[in-house]
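Remarks on the structure that follows.
For the numbers below, each heavy atom of this structure counts, side chains included, while hydrogens, waters and symmetry mates do not. Each chain gets a letter, A, B and so on, in the order the sequences are listed, and its residues count up from 1.
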Amino acid sequence: MAMARPHSAGELDAVALETALLETWKQENAFRASIDSNGNGAPFIFLEGPPTANGKPGIHHVVARAYKDLVCRWKTMEGFRVERKGGWDTHGLPVEIEVQKRMDLMSNEAIEAYGMDNFNQACRDSVWTYESAWREMTERMAYWVDLDNPYVTLDNNYVESCWWAMKQMFDKGLLYRGHKVLPYCPQTGTSYSSHEVALGYKEVEEPSVYVKFKLIDDDASILAWTTTPWTLPGNVGLAVGPEVTYVRVRITEQAENWIGAGGASDGEEVILAKDLMKDVLRHNVEIIEEFPGSSLVGRSYEPLFPDAVPRGESTTAWTVLEADWVTTTDGTGVVHTAVMYGEDDYNLGMAAGLPAYHTVGMDGAFLAGTHPQLDGRYVKECDQTVIELLSAKGGSNGKGPESGLLYREKSYLHDYPHCWRTDHPLLYYAMDSWFVRMTAVKERLLEFNDGVEWAPEWVGEGRFGEWLRNVKDWAISRERYWGTPLPVWRDDEGNMKCIGSIAELQSEVAKAVAAGFENPECPDDVDLHRPVVDGYTLVSDDGKPMHREPFVMDCWFDSGCAPFAQWHHPFEGKETFDASFPVDYICEGVDQTRGWFYTLLAVSTTVFDQPAYKRCLSLGLILDAEGKKMSKSRGNIVDPWDHFNREGADATRWYMVTAGAPWNPLKFDSNGVRETYAKMFLTLWNVYKFHADYAALDGFDPEQSTSDVASRSSLDRWILSRLATTANNYHADFKQWNFHKACRDLEEFIVNDVSNWYVRRSRRRLWDDAETSDKVACQHTLHEILTTVCRLVAPVSPFMVDVIHRNLTGKTVHQAAWPLGIPGSLDGATADEWDEEAAAETANLPPQDMSLEATMALVRELAEVGRRIRVEAGRRQRLPCAQGWIVSGPDMAEFHDILAEELNVELIEVENDLDRFQQIELAPNFRALAPKARSEVNAVAGEIKNAGDPTAMLASIQAGTCEILGVAIEESDVEVRRIEREGFAASTVTIGQGDDAQQISLVLDMNDTPDLLSKGLARDITRRIQAMRKDLNLAIEATIDLEIWTKDAPEMFEQDRQWIVTETRAAAAVFHSESSGAPSNAEHFEVDGTTVWFTVQ
RNA sequence: GCGCGGGUAGCUUAGUCGGUUGGAGCACCCGGCUGAUAACCGGGAGGUCGCAGGUUCAAGUCCUGCCUCGCGCACCA
């Protein structure tokens, strides 16, 4: 390994390279070794958001993992110790649904008939279905994470930690039992999470009804609207907006063409929001009175179905209540409130003390005692009956007007949630549920969130901040089977115990047994899942039996416990936990904002009164090439292996990072991966190959020979300066989370500066057989560029650069130091703070020379300009020009040779007499001119632009005597541009901006001389012969025998013939100045009227 | 419906404090160059900067409204 002498590089096969390297890494235990190499480094704590192995991984998972890996590898190279424990999310509804579908257990009854233990076992097995697929993907993409010792949310230890956390909340009074209105399917007996509900929205047309609520002690009725007539028996209140204006109107004239049921008699009076009169009323009416909603509050009305709901203790039942969310966008401005069947209704009912009783059972049928015609019937089939009952004379309660209690019916088209399994409409239904009182810790949540470094900031401040500012209590229980069971036992009187550990469970079971309640054994390794834990009956302090609340927890609670449950805190791993909380870095898709990002913070705040993480990178959604979200149902998920097996993981990862900002949606384009491969990696490989091949040929050993940077050529010092500049920017962008910018710039540097300029310009330097100092300097330069580039690329795309780095230095890049310093290795450093100065001293970059960089930029621009001149003048590149002049601009004498070669010009000189080639042109500077000229600016600008004699105008401006349309023109008001005079093959470029702008011109001599024509012909012939050599697959050092015939050729001088011989490695060469004698199989070509035949042997 | 983020060439995208000629890359066409790689260089074609107003001497950029895509929230009487 110590041998650092590079061997030559072969042709690139990225996939073979990567798979072979994976094997090497495995053998060397490279991941572990990279962490341990920073054994004394400051810890940088990463927390893996646990994926579920319940489905096959797609390319979108690769993206998230790429960013996790990138930061961890980067920080490792900076000297930090970055442990990466893997994790798996194994509980929850998705698992159950998968199993239910597979085993055709589509209802709770079916599951229970099958046996909860069998069902949960099936779930337990199911979660590992794709584990190997995940593992293979993870390894292949080189996401370094410890999958051999992951945390798994179904593990007893993990569950025990969750129980402990729950008990902390319970003891703090943050856990409570209540109701939550949830979309519920009576057929399957389950309620649904919002995610599933979202799957089942369907547009349906249903009857909506306008109902009269007859006031007590008043002849008028209040009109309210509902789209769910089945909730009307449960009505116990009416909500009005206190600020909304209502009117009391009297029916003056019957409506024509009445459709459907309902109606009102002349003289009848109703109350509704003024804004909605036109939409609601079909009759002609007169307004009797106008008043704000607040004056209606407290009025009592007759219950529609007097027997349906008992009044109980309520003093507010069947009265008008105020609610600020009531609007006049639809309905009547009065909201019918059935406490148990709407979220707003429920919250209002709880706040106002309305009676909370069901009129509908869990089976979706009206409870007995609601109304003789409704009892026991499925609610969705009762719409018509309800309408008929209301329409009857006097209405359903017999206390309404002659015309009944229905004012109107109207069909209503809306999106309504349906069961995605049975297609039945869901009912919003108040269920028993457990809550974490997040509203009690809202201020702390906000405070902790303020301390998080979010990338991008707007997710933290905006989306997440908004969510926290509106935080609601967390409905944490699910009436399901496969999950962490809620560790609360309860007796009939509502006494409760929350169990926080296995030991506590054992002691409580023992107590219960002692009190005479039979119980199964409760061993140390008791399975903390259903149905086992349901089997224990505990005893209350009063000696009453307590049964476990039959819920499991929201699986988001599980993953929210990851920071401590992964270590089995507080039962084990206390030191590990203490040293790693809160974590330094998490990274997931933006869809986790209300998911994991929230539950981590929610749990850490309620349990520890601390934040859970310090930095959070929130990634954008991954879309397919058409911009559609990748999802299983769309079937547009890209298989990562398509790319792993074609362009390799390096290119796939680099593409993902460079395709856009991490937080922007990424349109995953397969072509882009290919482009990245061809551009970035093939180029890098060929630069490397260029270096390695010659280094091997010459026996170059970077440790043996030396080359002082200051003494190297300006080309070397330029590329090294560019390297330093690029690396500095790269690092600065990394710190800003701008990985896309960093990597785009680095790629640009490799392709443009290194490959297309430095290597191209340096090729001949290495052809020299002798051990010249210039050749050694070039080799050192290439060596330094490549090793540094490898280190910069390594966190993003870890394969190829490791192969290169190993060959060039004998060491893996993944234990190499970050070129910009290793702050993590400094004494006293933490993940958040270190001595910047000391860190800067550990950086390892060549010196920067910005003026050299600027000069080279100009040289390259002039080279481009020169080529453009040739194209425009129709002069072929191989025919030399006798002379070129550079007019004005900075001194770049040291690059005249390069320019001469690039442009195929014999001599480059500086010419100071601008006017020999150029004249000036004036352009207005709007920024300076506008404040002075105001509205005349365009007129003034026009005068300047179209000046008949710009030279004279400039002189007058410089003399301070120029005035246009009353505006005094100063030098700063105009921009002087130089354009070449007619007849010159010339072109002008501008460098710099504003006051520093300079015009530089390049002029080429287009005259031919015998000497030039000879050289040009020689170059053309050489080029053809080289192409032939290539076609014949000759080795670079092979020699040839050459014979050449020409016709109508310019004279070719001896030194040019010799040049051909040298360039083409001709051992023997015969030149004929006529065409006769050329064999018919000779290659021939024509250039500028000359024909040439040649043979190569 | 509300909130957030987008809409720039056929595709992917850059565009700073508003400054008059909106840059790249891919693909395409023409030419050049090549012991230089799936390359390189020059040129060309391709843009109503989503639409409509407004502010301004000047708008891709600022303001308003609308359309559209994605995401989140809500679907609510």
* To the side chain of Glu675(A), which of C26(B), C76(B), A77(B) is closest? -> C26(B)
* Asked: For Trp663(A), what residues pass the ring pair (Phe, Tyr, Trp, His ring centres under 6.0 Å) criterion, not counting sequence neighbours?
  -> none
* To do: Could you work out which one of C41(B), C71(B), A38(B) sits closest to the side chain of Asn756(A)?
  => C41(B)
* Structure fact -> Glu343(A) has its side chain closest, among U37(B), A77(B), C75(B), to C75(B)
* To do: Could you measure between the two P atoms, the one in C57(B) and the one in G18(B), and give it in whole Å?
  => 16 Å
Protein-nucleic acid N or O pairs under 3.5 Å, nucleotides 56-59 of chain B:
{"residue": "C57(B)", "atom": "O2'", "partner": "Asn938(A)", "partner atom": "ND2", "Å": "3.1"}

* Structure fact -> Rounded to whole Å, the CG-P distance (Asn664(A) to C4(B)) equals 16 Å
* Given the P atoms of G44(B) and G23(B), what is the spacing between them in whole Å? -> 12 Å
* Expressed as a whole number of Å, how far does the P atom of A9(B) sit from that of C63(B)? -> 22 Å
* Structure fact -> Across all chains, not counting sequence neighbours, the side-chain hydrogen bond (donor to acceptor under 3.5 Å, both in side chains) partners of Tyr346(A) are His179(A)
* To do: Pick the P atom in U37(B) and in A52(B), then give their distance to the nearest Å.
  => 50 Å
* Asked: Given A38(B), A77(B), U12(B), which nucleotide is nearest the side-chain atoms of Thr227(A)?
  -> A77(B)
* Asked: Which whole-number value in Å describes the distance from Leu621(A) CG to C4(B) P?
  -> 18 Å
* Structure fact -> Contacts of Phe690(A) and Ala661(A) projected onto RNA chain B by closest heavy atom; the upstream (5') one is Ala661(A)
* Asked: Can you list the residues that meet the side chain to side chain contact (heavy atoms under 4.5 Å, CB included) rule with Asn686(A), with sequence neighbours excluded?
  -> Leu682(A), Lys689(A)
* To do: Could you list the residues that satisfy ring pair (Phe, Tyr, Trp, His ring centres under 6.0 Å) with Tyr677(A), not counting sequence neighbours?
  => none
* To do: May I have the distance from Lys679(A) (atom NZ) to C40(B) (atom C1'), rounded to whole angstrom?
  => 12 Å
* Can you tell which of A38(B), C75(B), U13(B) lies closest to the side chain of Arg744(A)? -> U13(B)
* Not counting sequence neighbours, which residues clear salt bridge (Lys or Arg N to Asp or Glu O under 4.0 Å) with Arg469(A)? List them please. => Glu466(A)
* Structure fact -> Taken in chain and number order and not counting sequence neighbours, the residues that satisfy ring pair (Phe, Tyr, Trp, His ring centres under 6.0 Å) with Trp596(A) are none
* Asked: Taking syn as any angle within 90 degrees of 0 and anti as the rest, which one fits C17(B)?
  -> syn
* **Trp225(A) side-chain proximity, nearest of A38(B), A77(B), C41(B)** => A77(B)
* Asked: What distance, rounded to whole Å, do you find between the two P atoms, one in U12(B) and one in C30(B)?
  -> 26 Å
* Rounded distance in Å between the C1' positions of G7(B) and G47(B) -> 14 Å
* **Value in whole Å for how far the P atom of U37(B) lies from CD1 of Ile750(A)** => 19 Å
* Structure fact -> Taking for Trp757(A) and for Asn752(A) the nucleotide of RNA chain B with the nearest heavy atom, the one nearer the 5' end belongs to Trp757(A)
* Asked: Roughly, in whole Å, what's the span from CG in Asn671(A) to P in G10(B)?
  -> 17 Å
* To do: State which of G5(B), C40(B), A77(B) makes the closest approach to the side chain of His336(A).
  => A77(B)
* To do: Can you tell me, in whole Å, how much space there is between the P of G19(B) and that of C62(B)?
  => 11 Å
* **Thr226(A) side-chain proximity, nearest of G5(B), A77(B), U37(B)** => A77(B)
* Pick base, sugar-phosphate or nothing for Thr683(A), based on heavy-atom distances below 4.0 Å to the nucleic acid. => base
* To do: Applying side-chain hydrogen bond (donor to acceptor under 3.5 Å, both in side chains), name anything that partners Lys679(A), two or more places apart in sequence or on another chain.
  => none
* Asked: Which nucleotide in the list A77(B), G5(B), U37(B) gets nearest to the side chain of Asn686(A)?
  -> U37(B)
* Mark yes or no for whether Tyr655(A), through its side chain, and Arg674(A), through its backbone, hold a donor-acceptor pair below 3.5 Å. => no
* **Rounded C1' spacing from A14(B) to C49(B) in Å** => 13 Å
* Asked: Trp757(A): what forms a side-chain hydrogen bond (donor to acceptor under 3.5 Å, both in side chains) with it, not counting sequence neighbours?
  -> none
For nucleotides 28-33 of chain B, give me every protein contact, N/O to N/O, under 3.5 Å, one pair per line with atom names.
{"residue": "C33(B)", "atom": "OP1", "partner": "Arg878(A)", "partner atom": "NH1", "Å": "3.2"}
{"residue": "C33(B)", "atom": "OP2", "partner": "Arg878(A)", "partner atom": "NH1", "Å": "3.3"}
{"residue": "C33(B)", "atom": "OP2", "partner": "Arg878(A)", "partner atom": "NH2", "Å": "3.4"}

* To the nearest 0.5 Å, what is the distance between CZ (Phe681(A)) and CD1 (Ile750(A))? -> 8.0 Å
* Asked: What is the nucleic acid contact for Tyr677(A), judged by heavy atoms within less than 4.0 Å: base, sugar-phosphate only, or nothing?
  -> base
* To do: Give a yes/no on whether any side-chain N or O of Lys667(A) is located under 4.0 angstrom from OP1 or OP2 of U12(B).
  => yes
* Structure fact -> If one requires at least 3 consecutive Watson-Crick or G-U pairs with distances under 3.5 Å, the stems of RNA chain B turn out to be B:1-7 with B:67-73, B:10-13 with B:23-26, B:28-32 with B:40-44, B:50-54 with B:62-66
* Would you mind classifying the nucleic acid contact of Tyr428(A) as base, sugar-phosphate or nothing, using non-hydrogen atoms under 4.0 angstrom? => sugar-phosphate
* Structure fact -> note: Asp733(A), atom CG; A14(B), atom P; distance rounded to Å ~ 14 Å
* Asked: Looking at the side chain of Arg674(A), which of A38(B), A77(B), C75(B) is the nearest nucleotide?
  -> A38(B)
* Aromatic plane relationship, Trp454(A) with Phe464(A) - under 30° parallel, 30 to 60° tilted, over 60° perpendicular -> tilted
* To do: Quick one: closest heavy-atom pair of Tyr301(A) and Asn235(A), and the distance?
  => OH-OD1, 2.5 Å
* By ring pair (Phe, Tyr, Trp, His ring centres under 6.0 Å) - contacts of Tyr184(A) (at least two apart) -> Tyr429(A)
* **Asp733(A)/Arg744(A) ion pair, N-O < 4.0 Å** => no
